[in-house]
Amino acid sequence: MEEIRLDDHQPFDLELTLCCGQTFRWSKIGDWWYGTVGDKVLKIRQAYGKLEFENASRKMVEEYFGLKDDLQEILRQIAKDQHMQRVVRTVKGLRILRQNPWECLVSYICATYKSIPAISRMLHCLCKKFGEKIFFDGYVFYTFPEAESLAKAGLADLAECGLGYRAKYVLETAKKVYSGELQVESLRLKGFKEARRELLILKGVGLKVADCVLLFSLEKLEAFPVDVWVKRALIRHYASHLDGNFIRKVASKRSPSIREYELLSSFGRNYFGKFAGYAQEYLYHFERQNFKLNLLP
DNA sequence: GTGACACCTGGTAG
DNA sequence: ACTACCAGGTGTC
């Protein structure tokens, strides 16, 4: 077992980071968290100001959990107003993960119009059916399937995992990645706008899905995904920064049009700056938390 | 360039 | 048990 000592000035909350909806495949057994990163099962827990982990290198853990981000400085930069100051005081130690881009892309294609428990189920089923089985600590885990496995799968096989109409999007994307037509990893090297343009070519990938993939796996911390929760947060707390008619309009319907999405998202990017993605995650979590606690109508 | 509307299916509140 | 409704949106007319 190895450990990483956590600095008081660089807050990190493992549980919050894994449970805030950016990733769907971690499970807690006893007081340990288990998840597959690459082809290995990572076992990790947090206690008394340190992280203890097994089966992974220190470098990998730091990389995956975004421990290299200067969170204190990031929070300082995004806390531009009273609301955000309150949010960063309340939500402590949430970090943006650096997930595998391929897995992240498929996960968010699957995530459209689904609840989080349902997304977890779908992905678990995909991994069980098409991934590699790994035994670790007396438990069974599965890796996320390679593009090749999904590309060679039939639509019916994918649909069996409850993907529904998403099955054809996943299959099509898997084929593009397997053939090399799309190199997901290489998008890391491109700028936000260009990487986003390439993702948007894919069927089943709209602005929201693209922004999630950019933020959670492609190192684009300025990406500002706008889902129903973030939309609510913006309407509630940032209406004064936006046009009144526009706010009324987006408030009146469930999902925004492309233009409306872009207005909301670019507001986030411009207002919060190069770490807008962090601002988004904090707003998202705060809004959901308050909803669960019944503090919001 | 916008705006309804359907979409697969599982979870969950009544 | 059974129904109704909604879900981290997107593609299509």
Side-chain angles (χ1 to χ4, degrees), chain A residues 16-26 94 96-97 99 103-126 128-129 153-173 196-217 223-236 243 245-246 248-265 268 276-292 294 296-297:
Chain A
L16 177 57
T17 300
L18 291 176
C19 296
C20 68
Q22 39 177 339
T23 184
F24 307 98
R25 250 162 52 71
W26 282 80
L94 171 57
I96 305 283
L97 296 170
Q99 302 180 51
E103 174 170 353
C104 192
L105 175 58
V106 174
S107 300
Y108 279 93
I109 289 176
C110 291
T112 68
Y113 212 57
K114 274 284 177 194
S115 63
I116 291 174
I119 301 164
S120 297
R121 264 185 52 99
M122 277 192 288
L123 296 175
H124 178 73
C125 180
L126 273 186
K128 192 167 181 180
K129 222 168 156 70
L155 264 184
D157 297 317
L158 294 174
E160 268 181 43
C161 285
L163 298 206
Y165 64 85
R166 303 161 194 83
K168 58 178 184 290
Y169 303 146
V170 168
L171 185 59
E172 208 171 301
T173 295
R196 198 186 201 209
R197 241 197 318 279
E198 284 200 37
L199 287 171
L200 288 173
I201 294 169
L202 302 166
K203 287 282 174 61
V205 178
L207 290 165
K208 154 69 170 61
V209 170
D211 282 343
C212 286
V213 177
L214 291 165
L215 178 60
F216 300 137
S217 72
F224 193 87
V226 180
D227 56 43
V228 285
W229 296 100
V230 173
K231 191 190 81 171
R232 280 174 205 151
L234 293 177
I235 291 168
R236 247 174 155 7
D243 179 73
N245 285 326
F246 170 72
R248 268 189 293 282
K249 198 160 184 184
V250 292
S252 72
K253 52 187 185 182
R254 186 179 149 68
S255 47
S257 69
I258 292 174
R259 174 198 274 279
E260 289 160 350
Y261 181 99
E262 265 306 80
L263 269 166
L264 293 168
S265 184
Y278 263 98
Q280 186 272 2
E281 272 305 280
Y282 276 69
L283 285 173
Y284 171 81
H285 181 73
F286 187 81
E287 204 66 16
R288 286 196 83 193
Q289 199 59 35
N290 283 353
F291 181 78
K292 280 187 208 157
N294 223 348
L296 295 174

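This one's a predicted model, so the numbers in the text were calculated from it and none came from an experiment. Below, each value reflects all heavy atoms present in this structure, side chains not excepted, and no hydrogens, waters or symmetry copies. Order of the sequence lines fixes the chain letters, A, B, ..., with proteins taken first and strands second; residue numbering starts at 1 for each chain.
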Inset, instruction - Taking atom NZ of A:Lys203 as the centre, report whether more than 12 heavy atoms of other residues, nucleotides or ligands fall under 6.0 Å from it. - result: no
Inset, instruction - Answer with yes or no whether A:Tyr165 presents, from its side chain, a donor or acceptor under 3.5 Å of a partner atom in the base of C:dG9. - result: yes
Legend entry - Which atom of A:Ser217 lies closest to which atom of A:Gln99, heavy atoms considered: CB-O, 3.2 Å
Legend entry - Protein-nucleotide distance (A:Arg259, atom CZ; C:dT10, atom P), rounded to Å: 18 Å
Legend entry - Contact check, side chains of A:Arg236 and A:Arg232, non-hydrogen atoms, under 4.5 Å: no
Inset, instruction - Provide, to the nearest angstrom, the distance between the CG atom belonging to A:Asp211 and the C1' atom belonging to C:dT10. - result: 14 Å
Inset, instruction - Give a yes/no answer on whether the side chain of A:Arg166 brings an N or O atom under 4.0 Å of OP1 or OP2 in C:dT10. - result: no
Inset, instruction - With heavy atoms under 4.0 Å as the rule, sort A:Gln22 into base, sugar-phosphate or nothing. - result: base
Legend entry - Step-by-step ring-ring contact (aromatic ring centres under 6.0 Å, His included) determination, A:Tyr108 to A:Phe24: CA-CA 10 Å; A:Tyr108 279 93; A:Phe24 307 98; 5.5 Å; yes
Inset, instruction - For A:Phe24, report the nucleic acid contact type (base, sugar-phosphate, nothing); a contact means any heavy atom under 4.0 Å. - result: base
Inset, instruction - Mark yes when over 12 heavy atoms from residues, nucleotides or ligands other than A:Lys128 sit less than 6.0 Å from its NZ; otherwise mark no. - result: no
Legend entry - Sorted by number, the residues of residues 197-209 of chain A with heavy-atom contact under 4.0 Å to DNA chain B: none
Inset, instruction - Return the stems involving DNA chain C, sorted by first number, where pairs are Watson-Crick (N1-N3 with N6-O4 or O6-N4) or G-U wobble (N1-O2 and O6-N3), both under 3.5 Å, and runs are 3 or more long. - result: B:3-7 with C:9-13, B:9-14 with C:2-7
Inset, instruction - Evaluate whether atom CD1 of A:Ile258 has more than 12 neighbouring non-hydrogen atoms of other residues, nucleotides or ligands under 6.0 angstrom away. - result: no
Legend entry - Pairwise P distance for C:dT3 and B:dC8, with rounding to whole Å: 22 Å
Legend entry - Nearest-angstrom distance from the residue atom CD1 of A:Ile109 to P of C:dT10: 10 Å
Inset, instruction - Provide the closest heavy-atom pair for A:Ile96 versus A:Glu281 in the form atom of the first, atom of the second, distance. - result: CD1-CG, 3.4 Å
Legend entry - Along DNA chain C (nearest heavy atom to each residue), the more 5'-positioned of A:Tyr169 and A:Tyr284: A:Tyr284
Inset, instruction - Indicate, with a heavy-atom threshold strictly under 4.0 Å, whether A:Lys231 touches base, sugar-phosphate, or nothing. - result: nothing
Inset, instruction - Figure out the CG/P separation between A:Asp227 and C:dA7, and round it to whole Å. - result: 11 Å
Inset, instruction - Rounded off to whole Å, could you give me the NZ-to-C1' distance for the A:Lys253 and C:dT10 pair? - result: 14 Å
Inset, instruction - First locate atom OG1 of A:Thr112, then atom CZ of A:Arg166, and finally report the distance between them rounded to the nearest 0.5 Å. - result: 4.5 Å
Inset, instruction - Send over the distance from A:Glu172 CD to C:dT10 C1', rounded to a whole Å. - result: 13 Å
Inset, instruction - Look at the rings of A:Tyr278 and A:Tyr282 and say which category their plane angle falls in: under 30° parallel, 30 to 60° tilted, over 60° perpendicular. - result: tilted
Legend entry - A:Leu202 vs A:Leu105 side-chain heavy atoms within contact, under 4.5 Å: yes
Inset, instruction - Round to the nearest Å and state the distance from A:Ile119 atom CD1 to C:dC6 atom P. - result: 18 Å
Inset, instruction - Scan A:Cys20 against the nucleic acid and name what it touches under 4.0 Å (heavy atoms): base, sugar-phosphate only, or nothing. - result: base
Legend entry - DNA chain B: 5'-proximal contact among A:Tyr113 and A:Ala118 (nearest heavy atom): A:Tyr113
Inset, instruction - Shoot me the first and last contacting nucleotide of DNA chain B against chain A, ordered 5' to 3', at under 4.0 angstrom to non-hydrogen atoms. - result: B:dT2 to B:dG11
Inset, instruction - Identify whether the distance between the nearest side-chain nitrogen and carboxylate oxygen of A:Glu260 and A:Arg248 falls below 4.0 Å. - result: no
Inset, instruction - Please determine, by modelled atom types, if A:Asp211 and A:Tyr261 share a side-chain donor-acceptor pair under 3.5 angstrom. - result: yes
